[in-house]
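Worksheet for the structure shown next.
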Amino acid sequence: MYRDVLHLDNDTTLTVDDNFFHLGGHSLTATRLIARVNSAIGSDLTLRDVFETPTIAGLADAANSTGIDRARVSDMVVPEQVPASYGQQSLWVIDQLGGPKSQYVVPTVLRLSGHLDTTAFTAAVHDVVERHATLRTLLVERDGVPVQVIVPPADAAARITLEVNDLRDRDRRGIDESIGSLVRTGFDLATDLPIRVAVLRSEDSQWV
């Protein structure tokens with residue numbers, strides 16, 4: 001891993017007492033080294049470990065003493081009722097005051113050329129939403145205050161707003177109007193997942 005991260009050729013002799021920084025390493029390459037080591041052996045090394053024990057032997061000893069009982073995100077128990085964060089509370093209050101729901105929408109419009117496998121694209125979007133709880137989080141009122149309700153991954157696919165439309169019979173203005181309508185459509189914080197995806201086919205090999 002030292003050799004790979006530092007781009008050392010096979011003719012360079014390494015010993016367990018070689019210093020990472022004397023071999024040309026710096027903070028950026030040290031970060032890459034830590035990521036490689038932790039991924040490969042399940043350790044919990046930090047950047048400080050490289051600076052304090054920059055030799056191969058020293059880092060190996062540090063790795064042996066970490067990661068034994070390391071907690072993983074998947075091990076953590078999510079309480080039945082998760083309080084809304086301050087940002088979510090602000091969002092919820094503004095929504096309750098009747099402000100335009102589209103003000104929370106952060107649109108990203110991309111134009112693609114070539115063949116698009118819409119089935120694979122749809123599956124990819126579902127996979128991303130299932131993996132990230134933030135994309136499956138609703139804000140629901142309980143006893144007058146907002147709480148987070150995380151939709152289970154198995155139920156997320158059925159709740160995602162994902163549409164594929166063929167607009168090849170429309171001119172540029174009509175397509176732009178469709179995009180504008182999608183962007184202006186708000187979200188119901190209590191029922192809508194906070195992500196909406198639309199695939200618009202504008203020409204035979206052009207997509208938005």
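The shortest heavy-atom contact between A30 and L47 is CB-CD1, 3.5 Å. Between I56 and T15, the shortest heavy-atom contact is CD1-O, 3.5 Å. Looking at every heavy atom in both residues, R196 comes nearest to G186 through NH2-O, 2.8 Å.
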Chi angles and distances behind the side-chain contact (heavy atoms from CB on, under 4.5 Å) call for I179, V109: CA-CA 8 Å; I179 295 172; V109 181; 4.1 Å; yes

Determine whether R32 and R36 satisfy the following criterion, side-chain contact (heavy atoms from CB on, under 4.5 Å), listing intermediate values before the conclusion. CA-CA 6 Å; R32 293 173 182 164; R36 286 279 304 275; 5.5 Å; no

Apply side-chain contact (heavy atoms from CB on, under 4.5 Å) to residues N165 and R201 and explain how you reach the verdict. CA-CA 6 Å; N165 294 326; R201 190 171 192 175; over 6 Å; no

I'd like to know whether L193 forms a side-chain contact (heavy atoms from CB on, under 4.5 Å) with T161, so could you lay out the CA-CA distance, the side-chain angles of the two residues, the decisive distance to 0.1 Å, and finally the verdict. CA-CA 8 Å; L193 296 187; T161 302; over 6 Å; no

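Atom CZ of R131 has 12 or fewer heavy atoms from other residues, nucleotides or ligands within 6.0 Å. More than 12 heavy atoms of other residues, nucleotides or ligands shown are found within 6.0 angstrom of CG on D169.
The ring-ring contact (aromatic ring centres under 6.0 Å, His included) check on F121 picks up nothing, with sequence neighbours excluded.
Checked against the 6.0 Å centroid criterion, the rings of F51 and F20 do not qualify as a close aromatic pair.
With hydrogens and angles left out, the side-chain atoms of R170 and S178 include a donor and acceptor closer than 3.5 Å. Side-chain contact annotation: N38 with S43, donor-acceptor N/O pair under 3.5 Å present.
Between the H132 side chain and the T134 main chain, no donor and acceptor come within less than 3.5 Å of each other. With hydrogens and angles disregarded, a donor-acceptor distance shorter than 3.5 Å links the side chain of R3 to the backbone of T12. With S39 contributing its side chain and A35 its backbone, the two residues share no donor-acceptor pair below 3.5 Å.
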